Colleague: 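Please see the structure below; I have some questions.
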Amino acid sequence: MSNETEVELVDAFYMLIESLKNNGIENVYGIPGIPVTALIRSWQAEGGKWYGFRHETNAAMAAGVAGYLTGKPGVCLTTPAPGFLNGLAGAANATTNGWPMILLSGAAGRRNTDLQQGAFEEMDQLNAARPHVKAAYRINHISDIPIAVARAVRTAVSGRPGAVYLDLSHEMLTGTMPAAAAEALLFTPVDPTPKQLPDPAAVKRAADLLKGAKKPLILLGKGAAYAQADADIKALVEDTGIPFLPMSMAKGLLPDNHPQCAGPARSYVLPECDVVLIVGARLNWLLGNGKGNTWGNQLKKFIQIDILPQEIDSNVPIAAPLVGDIASCIAALREALKGMPKADAAWMGGIAERVNASKEKLAPTLKVETPPGMMNYRNSLGALRDVLAKYPSVTLVNEGANALDNTRMIVDQYQPRKRIDSGTWGIMGIGMGACIGAAVVTGEPVVAVEGDSAFGFSGMEVETMVRYNLPICVIVMNNGGIYKGNETNAGGYDDPSPTSFAPGSRYDKMIEAFGGVGVNAQTPAELAAAVEEAIKSRKPTLINACLDPDAGVESGRIAGLNIERKKKK
Ligand SMILES: Cc1ncc(Cn2c(C)c(CCOP(=O)(O)OP(=O)(O)O)sc2=O)c(N)n1
Ligand SMILES: Nc1ncnc2c1ncn2[C@@H]1O[C@H](COP(=O)(O)OP(=O)(O)O)[C@@H](O)[C@H]1O
Ligand SMILES: [Mg+2]
């Protein structure tokens with residue numbers, strides 16, 4: 001009898017499953033196929049939750065959003081080469097957003113790949129991943145799995161979070177090892193997201209600057225939402241009385257209707273403020289790179305809280321860098337600011353005036369009557385706003401151009417981490433993956449406001465939503481095209497324009513094909529009723545919101561980034 005039959009062995013699937021569990025991973029998102037199908041079945045058999053998608057990019061988006069919402073890396077599992085590449089788009093988006101996720105992909109054997117001998121789905125995935133993720137590792141031997149998974153988790157969640165690629169080489173996946181030795185290697189990592197405490201001198205410098213400000217502003221970014229230091233952030237804002245400006249995914253850290261919220265007065269507070277406390281936000285294109293017209297011509301003093309030291313001075317000089325994790329930095333800053341007088345009443349009064357004026361100007365447009373089937377962004381989203389105000393725990397997913405800009409402006413958020421959108425890249429295609437990831441990790445209803453083009457990037461996942469019976473209500477803002485639906489093509493012949501879709505499309509019929517609830521909403525009242533019914537019923541629902549094809553402007557609020565022809569021919 002050979003020695004092998006006497007010694008109990010374990011295989012790589014066992015080591016992967018146990019290592020994922022030791023790192024607190026409960027859900028895996030992806031698509032089966034060679035060589036991972038049996039691994040998925042084993043994961044399920046061991047009690048792991050599997051969410052099977054229709055496209056790996058959507059599975060990876062779900063994993064990234066799950067990471068953002070929970071602080072634990074979402075895990076996406078794919079097959080090699082094309083499956084890996086599809087997943088990589090979601091991993092790159094997670095890394096750009098600073099969200100923790102792990103992309104696990106099967107890979108062809110090293111011997112063939114490194115000699116480019118044409119193995120099945122051969123690709124040098126490790127090197128293809130490296131430029132687009134926070135880190136990429138290959139596991140070459142079964143005994144390395146526990147350390148590799150722990151390292152991937154720690155890398156994904158520590159510092160600035162991001163995606164980690166783990167290459168599951170064929171040789172490793174087919175390996176076995178003695179069970180006793182394997183058990184000795186399995187472990188649970190200690191404190192993968194350690195506190196990063198700020199330097200007390202830096203805290204004092206920041207506090208002194210804030211105390212001396214005449215027109216201070218607190219700018220909250222999605223890093224502040226991700227940090228889950230909600231109570232301390234709210235207390236810092238309210239104790240100091242300083243106005244706050246939330247970036248889109250920081251909305252809800254304090255309610256959008258909070259008296260200190262300067263959101264509707266962004267174009268006033270950015271040029272007028274003198275000291276800005278940036279909490280988990282980057283001075284990138286979304287904030288005019290911290291200079292130019294967005295900020296007016298007065299010199300600003302920036303205080304920046306960030307866990308990544310090299311984010312400081314990325315665009316403009318930072319007068320008081322505060323490097324550390326947001327929770328630790330905010331706690332230290334609150335201590336240093338104790339007794340500081342509230343922000344200047346004249347400054348607050350000026351902001352309140354502009355916020356009220358902005359709201360008064362917007363209000364009537366939200367109630368405007370339009371003929372059935374010809375809603376616009378204002379009256380449709382005005383109706384949605386009133387419904388969602390009654391359900392603050394609903395997660396709102398949002399993408400598109402006009403569909404994005406108008407929803408961000410009109411629909412208020414009341415709780416942290418309840419708005420997921422196109423993020424730092426301004427990417428289309430996060431939609432259905434984000435809905436599924438959010439529904440899975442929150443267990444709460446999700447409402448998505450999707451441009452009809454944006455929806456198209458991930459729309460096949462309505463079958464996935466129905467299959468898992470997730471409480472997701474997708475609203476397709478059907479204006480008949482990209483930005484609008486009534487452009488004619490420049491050539492004058494009959495083909496559609498570059499931005500138009502088939503007129504009269506009925507997206508609600510898509511979900512009905514899979515057994516979900518489809519609604520064709522012609523008026524704001526019909527839209528509101530259908531959304532509320534979907535939230536209450538928790539049934540997977542798709543609402544085709546019929547908008548005027550002329551509603552919308554090219555590229556929404558970022559039209560200025562377009563390049564136009566300098567001359568006709
Ligand atoms: C992956 C990807 N592809 C293309 C784009 C370009 N793009 C595209 C294609 C948009 C769709 C706008 O049309 P929509 O129907 O989604 O929204 P509205 O009609 O409401 O503006 S917005 C935008 O920046 C993108 N941002 N991301
Ligand atoms: N826990 C944390 N502590 C400190 N900084 C963090 C933490 N998590 C994320 N960050 C930082 O927050 C910033 C988020 O910026 P960004 O994604 O541009 O936000 P927004 O788009 O809302 O402005 C990143 O620079 C990231 O390094
Ligand atoms: Mg559209």
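Side chains included, hydrogens not; waters and symmetry mates left out as well; all remaining heavy atoms used. Note that ligands are numbered from 1 as they come in the structure, with each ligand's atoms numbered from 1 the same way. Bear in mind the structure is a predicted one, so any value in this text is a computation, not a measurement.
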Colleague: Test ring-ring contact (aromatic ring centres under 6.0 Å, His included) on His132 and Tyr165; report intermediate values, then the result.
Modeller: CA-CA 9 Å; His132 309 292; Tyr165 171 60; over 10 Å; no

Colleague: Considering only non-hydrogen protein atoms, determine which one is nearest to atom 22 (O) of ligand 2 and report residue, atom name and distance to 0.1 Å.
Modeller: Lys222 N, 2.7 Å

Colleague: Nearest to atom 1 (N) of ligand 2, what protein heavy atom do you find, and at what distance?
Modeller: Ala227 CB, 3.9 Å

Colleague: Counting only heavy atoms, which portion of Met247 has something under 4.0 Å from ligand 2: side chain, backbone, both, or neither?
Modeller: side chain

Colleague: Could you walk me through whether Met249 and Asp421 pass the side chain to side chain contact (heavy atoms under 4.5 Å, CB included) test, one step at a time?
Modeller: CA-CA 7 Å; Met249 283 191 256; Asp421 62 29; 3.1 Å; yes

Colleague: Do you know the tightest heavy-atom contact between Lys134 and Thr155?
Modeller: NZ-O, 2.7 Å

Colleague: Measure across Pro189 and Asn23 and return the closest heavy-atom pair with its distance rounded to 0.1 Å.
Modeller: CG-OD1, 3.0 Å

Colleague: Nearest protein heavy-atom contact for atom 14 (C) of ligand 2: which residue, which atom, what distance?
Modeller: Gly280 O, 3.2 Å

Colleague: Less than 3.5 Å between some nitrogen or oxygen of Arg282 and one of ligand 2, yes or no?
Modeller: yes

Colleague: Which is it for Asp274 and Lys300 under the salt bridge (charged side-chain N to carboxylate O under 4.0 Å, His left out) test, yes or no, and what are the steps along the way?
Modeller: CA-CA 5 Å; Asp274 60 354; Lys300 307 291 169 207; over 6 Å; no

Colleague: What do you reckon, does Arg160 have a nitrogen or oxygen under 3.5 Å from a nitrogen or oxygen of ligand 2?
Modeller: yes

Colleague: Between Ser158, Gly223, Gly98, Gly159, which one has a non-hydrogen atom sitting closest to atom 9 (C) of ligand 2?
Modeller: Gly223

Colleague: Test side chain to side chain contact (heavy atoms under 4.5 Å, CB included) on Asp452 and Asn544; report intermediate values, then the result.
Modeller: CA-CA 9 Å; Asp452 45 342; Asn544 182 58; over 6 Å; no

Colleague: Geometry only, no angles: is Asp325 polar-contacting ligand 2 at N/O separations under 3.5 Å?
Modeller: no

Colleague: Are Glu461 and Arg54 ion-paired here, with the side-chain N under 4.0 Å from a carboxylate O?
Modeller: no

Colleague: Carefully, step by step, assess Lys484 and Glu554 under the rule salt bridge (charged side-chain N to carboxylate O under 4.0 Å, His left out).
Modeller: CA-CA 7 Å; Lys484 57 196 330 181; Glu554 175 128 347; over 6 Å; no

Colleague: Nearest non-hydrogen atom to atom 5 (N) of ligand 2 belongs to which of Val157, Thr96, Leu220, Ile307?
Modeller: Ile307

Colleague: Work out which heavy atom in Trp425 is nearest to a heavy atom in Ala89; give both atom names and the distance.
Modeller: CZ3-O, 4.4 Å

Colleague: Could you name the option among Leu283, Leu308, Asp306 that has the heavy atom nearest to atom 27 (O) of ligand 2?
Modeller: Asp306

Colleague: Spell out the protein N/O/S atoms under 2.8 Å from the Mg ion (ligand 3) as residue plus atom name.
Modeller: Asp452 OD1, Asn479 OD1, Gly481 O

Colleague: Is there a side-chain hydrogen bond (donor to acceptor under 3.5 Å, both in side chains) between Arg282 and Thr424 once you walk through the steps?
Modeller: CA-CA 9 Å; Arg282 282 170 283 194; Thr424 301; 3.3 Å; yes

Colleague: Using distance alone, determine whether Leu287 and ligand 2 share an N or O pair under 3.5 Å.
Modeller: no

Colleague: Does ligand 2 have any atom sitting under 4.0 Å from a heavy atom of Ser248?
Modeller: no

Colleague: For Pro192 versus Ser158, what's the shortest heavy-atom pair and its separation?
Modeller: O-CB, 3.6 Å

Colleague: Check the angle between the aromatic planes of Phe244 and His258 and answer parallel, tilted or perpendicular using the 30° and 60° thresholds.
Modeller: perpendicular

Colleague: What are the atoms of ligand 2, with element, lying closer than 4.0 Å to any heavy atom of Gly324?
Modeller: 3 (N), 4 (C)

Colleague: Show me which atoms of ligand 2 lie under 4.0 Å from any heavy atom of Gly221.
Modeller: 22 (O)

Colleague: Below 4.0 Å, non-hydrogen atoms only: which portion of Asn284 touches ligand 2? Side chain, backbone, both or neither.
Modeller: side chain

Colleague: Within a radius of less than 6.0 Å around CG of Asp191, do more than 12 heavy atoms belonging to other residues, nucleotides or ligands occur?
Modeller: yes

Colleague: Considering only heavy atoms of Tyr226, which atoms of ligand 2 have at least one such atom less than 4.0 Å away?
Modeller: 8 (N)

Colleague: Search all heavy atoms of Leu322 against all heavy atoms of Pro198 and return the closest pair with its distance.
Modeller: CD1-CB, 3.9 Å

Colleague: Indicate yes or no: does an N/O atom of Ile326 lie under 3.5 Å from an N/O atom of ligand 2?
Modeller: yes

Colleague: As a test of understanding, state which of Ile242, Leu210, Leu277 forms a side-chain contact (heavy atoms from CB on, under 4.5 Å) with Leu236.
Modeller: Leu277

Colleague: Note down each nitrogen or oxygen pair, ligand 1 side and protein side, whose separation is under 3.5 Å; give only atom names and the distance to 0.1 Å.
Modeller:
residue: ligand 1; atom: 13 (O); partner: Tyr483; partner atom: N; Å: 3.3
residue: ligand 1; atom: 15 (O); partner: Asp452; partner atom: N; Å: 3.2
residue: ligand 1; atom: 15 (O); partner: Asp452; partner atom: OD1; Å: 2.7
residue: ligand 1; atom: 15 (O); partner: Ser453; partner atom: N; Å: 2.9
residue: ligand 1; atom: 15 (O); partner: Gly481; partner atom: O; Å: 3.0
residue: ligand 1; atom: 16 (O); partner: Ala454; partner atom: N; Å: 2.9
residue: ligand 1; atom: 17 (O); partner: Ala401; partner atom: N; Å: 3.3
residue: ligand 1; atom: 19 (O); partner: Asn479; partner atom: OD1; Å: 3.2
residue: ligand 1; atom: 19 (O); partner: Asn479; partner atom: ND2; Å: 3.1
residue: ligand 1; atom: 19 (O); partner: Gly481; partner atom: O; Å: 3.2
residue: ligand 1; atom: 19 (O); partner: Tyr483; partner atom: N; Å: 3.0
residue: ligand 1; atom: 20 (O); partner: Tyr377; partner atom: OH; Å: 2.6
residue: ligand 1; atom: 20 (O); partner: Ala403; partner atom: N; Å: 3.0
residue: ligand 1; atom: 21 (O); partner: Ala401; partner atom: N; Å: 3.4
residue: ligand 1; atom: 21 (O); partner: Asn402; partner atom: N; Å: 2.8
residue: ligand 1; atom: 21 (O); partner: Asn402; partner atom: ND2; Å: 2.9
residue: ligand 1; atom: 26 (N); partner: Gly426; partner atom: O; Å: 2.9
residue: ligand 1; atom: 27 (N); partner: Met428; partner atom: N; Å: 3.2

Colleague: Between Asp550 and Asp548, what is the shortest heavy-atom contact and its length?
Modeller: N-OD1, 2.6 Å

Colleague: Checking side-chain polar atoms at under 3.5 Å, does Tyr507 have a donor or acceptor matched by the opposite partner on Asn520?
Modeller: no

Colleague: Do you see a donor-acceptor pair shorter than 3.5 Å between the side chains of Ser497 and Thr488?
Modeller: no

